[in-house]
Amino acid sequence: MAEANWYVVHTYSGYENKVKMDIEKTIENRRLHDLIQEVAVPLEDVVEVKNGVRRQVQKKMFPGYVLVKMIMTDETWYVVRNTRGVTGFVGPGSKPVPLSAAEMRNLGIQSAGEGGANVVIDFEVGDTVTVITGVWENTVGVIHSINESKQSVTIHVDMFGRETPVELNFTEVKKM
């Protein structure tokens with residue numbers, strides 16, 4: 001019997017989980033467990049900072065895509081391709097191209113959960129923010145730079161009639 005490979009399926013945006021459920025339901029109904037082994041919507045843990053509040057959330061790593069581990073046959077191709085919300089397989093023309101083991105490792109699918117969480121913030125360079133804690137509390141400044149690795153922003157505040165840079169943590173500022 002042929003070896004199962006991972007294939008990338010393109011879906012309508014926002015339909016990833018629905019496509020996953022529909023494929024899994026079809027696997028159950030048609031008893032295709034041996035041919036379609038796994039359906040995945042890869043997620044990553046992300047820390048969001050909004051209005052100075054940190055929240056851990058899960059976001060889709062690849063919006064608009066679903067990964068399917070299957071043995072490619074005419075039947076499995078037909079089942080996946082004709083699932084509602086699927087626009088096609090990733091590959092030239094209508095020929096699906098499997099992901100290599102190295103590509104899967106690079107995507108981090110096999111070793112999910114390694115590393116730190118990414119931080120998503122709701123402000124950008126040039127935004128006006130208010131400091132909500134610490135020595136600079138209630139100070140208003142404009143974001144000059146954002147350092148995601150240090151999870152900090154540098155704002156310029158007016159001190160003694162001069163623009164002075166101040167570095168603060170993401171949680172210490174709130175967008176105005």
Side-chain angles (χ1 to χ4, degrees), residues 1-125 127 143 145-153 169-171 175:
M1 184 181 238
E3 184 181 332
N5 290 307
W6 283 98
Y7 294 89
V8 181
V9 177
H10 190 262
T11 68
Y12 293 126
S13 184
Y15 279 71
E16 300 88 355
N17 292 327
K18 177 89 171 99
V19 166
K20 178 182 190 264
M21 288 182 351
D22 287 350
I23 292 173
E24 288 171 343
K25 199 179 300 178
T26 304
I27 292 168
E28 199 69 39
N29 293 341
R30 293 190 177 199
R31 292 175 177 70
L32 296 172
H33 302 285
D34 295 341
L35 296 174
I36 303 176
Q37 298 172 358
E38 193 175 344
V39 183
V41 178
L43 301 172
E44 64 182 333
D45 290 331
V46 175
V47 176
E48 283 187 341
V49 178
K50 285 194 177 181
N51 295 327
V53 178
R54 292 173 67 97
R55 265 189 332 138
Q56 182 98 13
V57 296
Q58 286 195 318
K59 293 216 173 187
K60 293 178 183 87
M61 288 175 72
F62 312 110
Y65 295 94
V66 174
L67 299 177
V68 181
K69 185 175 184 181
M70 63 187 222
I71 297 170
M72 186 59 70
T73 65
D74 289 343
E75 182 182 18
T76 57
W77 180 90
Y78 181 84
V79 165
V80 173
R81 179 63 185 90
N82 290 297
T83 299
R84 183 180 306 225
V86 171
T87 60
F89 282 93
V90 172
S94 62
K95 177 151 178 38
V97 176
L99 294 173
S100 68
E103 288 172 320
M104 291 303 292
R105 275 193 306 279
N106 288 342
L107 294 176
I109 306 302
Q110 306 294 49
S111 56
E114 286 184 12
N118 294 331
V119 176
V120 176
I121 51 177
D122 65 341
F123 41 77
E124 54 192 39
V125 174
D127 284 350
I143 296 178
S145 66
I146 299 173
N147 186 335
E148 290 188 24
S149 64
K150 288 175 64 178
Q151 297 188 5
S152 67
V153 295
N169 290 328
F170 288 160
T171 56
K175 188 174 179 179

**Student:** Taking the side chain from Q56 and the backbone from V47, do they hold a donor-acceptor pair closer than 3.5 Å?
**Tutor:** no
**Student:** Could you go through V8 and L99, starting from their C-alpha distance and side-chain angles, then the distance that decides it, and tell me whether this counts as side-chain contact (heavy atoms from CB on, under 4.5 Å)?
**Tutor:** CA-CA 8 Å; V8 181; L99 294 173; 3.6 Å; yes
**Student:** With K175, which residues qualify under salt bridge (Lys or Arg N to Asp or Glu O under 4.0 Å), at least two apart?
**Tutor:** D127
**Student:** Are more than 12 heavy atoms from other residues, nucleotides or ligands located less than 6.0 Å from atom CG of D74?
**Tutor:** no
**Student:** Between CD1 of I27 and CG of L32, what distance do you get to the nearest 0.5 Å?
**Tutor:** 7.0 Å
**Student:** Any ion pair linking K20 and E24 (charged N to carboxylate O, less than 4.0 Å)?
**Tutor:** yes
**Student:** Quick check: closest heavy atoms across L67 and P42, and the distance to 0.1 Å?
**Tutor:** CD1-CG, 3.6 Å
**Student:** Tell me, please, which residues at least two apart from T87 pass side chain to side chain contact (heavy atoms under 4.5 Å, CB included).
**Tutor:** H10, Y12
**Student:** Using the test salt bridge (Lys or Arg N to Asp or Glu O under 4.0 Å), find all partners of R55 that sit at least two apart in sequence or belong to another chain.
**Tutor:** E48
**Student:** With sequence neighbours excluded, give me every side chain to side chain donor-acceptor pair (under 3.5 Å) pair touching residues 60-70.
**Tutor:** none
**Student:** What are the two closest non-hydrogen atoms of V86 and R81, and how far apart are they?
**Tutor:** O-NH1, 3.5 Å
**Student:** Passes side-chain contact (heavy atoms from CB on, under 4.5 Å), F170 versus V153? Steps please.
**Tutor:** CA-CA 6 Å; F170 288 160; V153 295; 3.6 Å; yes
**Student:** So which heavy atom on T11 is nearest to which on Y15, and how close?
**Tutor:** OG1-C, 4.5 Å
**Student:** Mind telling me whether F89 and W77 have parallel, tilted or perpendicular rings, with 30° and 60° as the class edges?
**Tutor:** parallel
**Student:** Which atoms form the tightest heavy-atom contact between P92 and V97, and what is the distance?
**Tutor:** CD-CG2, 3.4 Å
**Student:** Sequence neighbours left out, what passes side chain to side chain donor-acceptor pair (under 3.5 Å) with E38? Give chain and number order.
**Tutor:** none
**Student:** State which residues pass side chain to side chain contact (heavy atoms under 4.5 Å, CB included) with Q58; sequence neighbours excluded, sorted by chain then number.
**Tutor:** L43, D45
**Student:** Please list, chain by chain and in numerical order, all residues satisfying salt bridge (Lys or Arg N to Asp or Glu O under 4.0 Å) with E75, sequence neighbours excluded.
**Tutor:** none
**Student:** List for me each residue that meets side chain to side chain contact (heavy atoms under 4.5 Å, CB included) alongside T26, sequence neighbours excluded, and say none if there are none.
**Tutor:** R30, V79
**Student:** If you measure from CD1 on I71 to CD on E3, what distance do you get to the nearest 0.5 Å?
**Tutor:** 8.5 Å
**Student:** Among all residues two or more places apart in sequence or in another chain, which pass the side chain to side chain donor-acceptor pair (under 3.5 Å) test with T76?
**Tutor:** T73
**Student:** What's the spacing between Y7 OH and M70 CE if we round to 0.5 Å?
**Tutor:** 6.0 Å
**Student:** Ignoring hydrogens, what is the shortest heavy-atom contact between E16 and P63? Give both atom names and the distance.
**Tutor:** OE2-C, 3.4 Å
**Student:** Can you list everything that forms a side chain to side chain donor-acceptor pair (under 3.5 Å) with N5? Sequence neighbours excluded, please.
**Tutor:** none
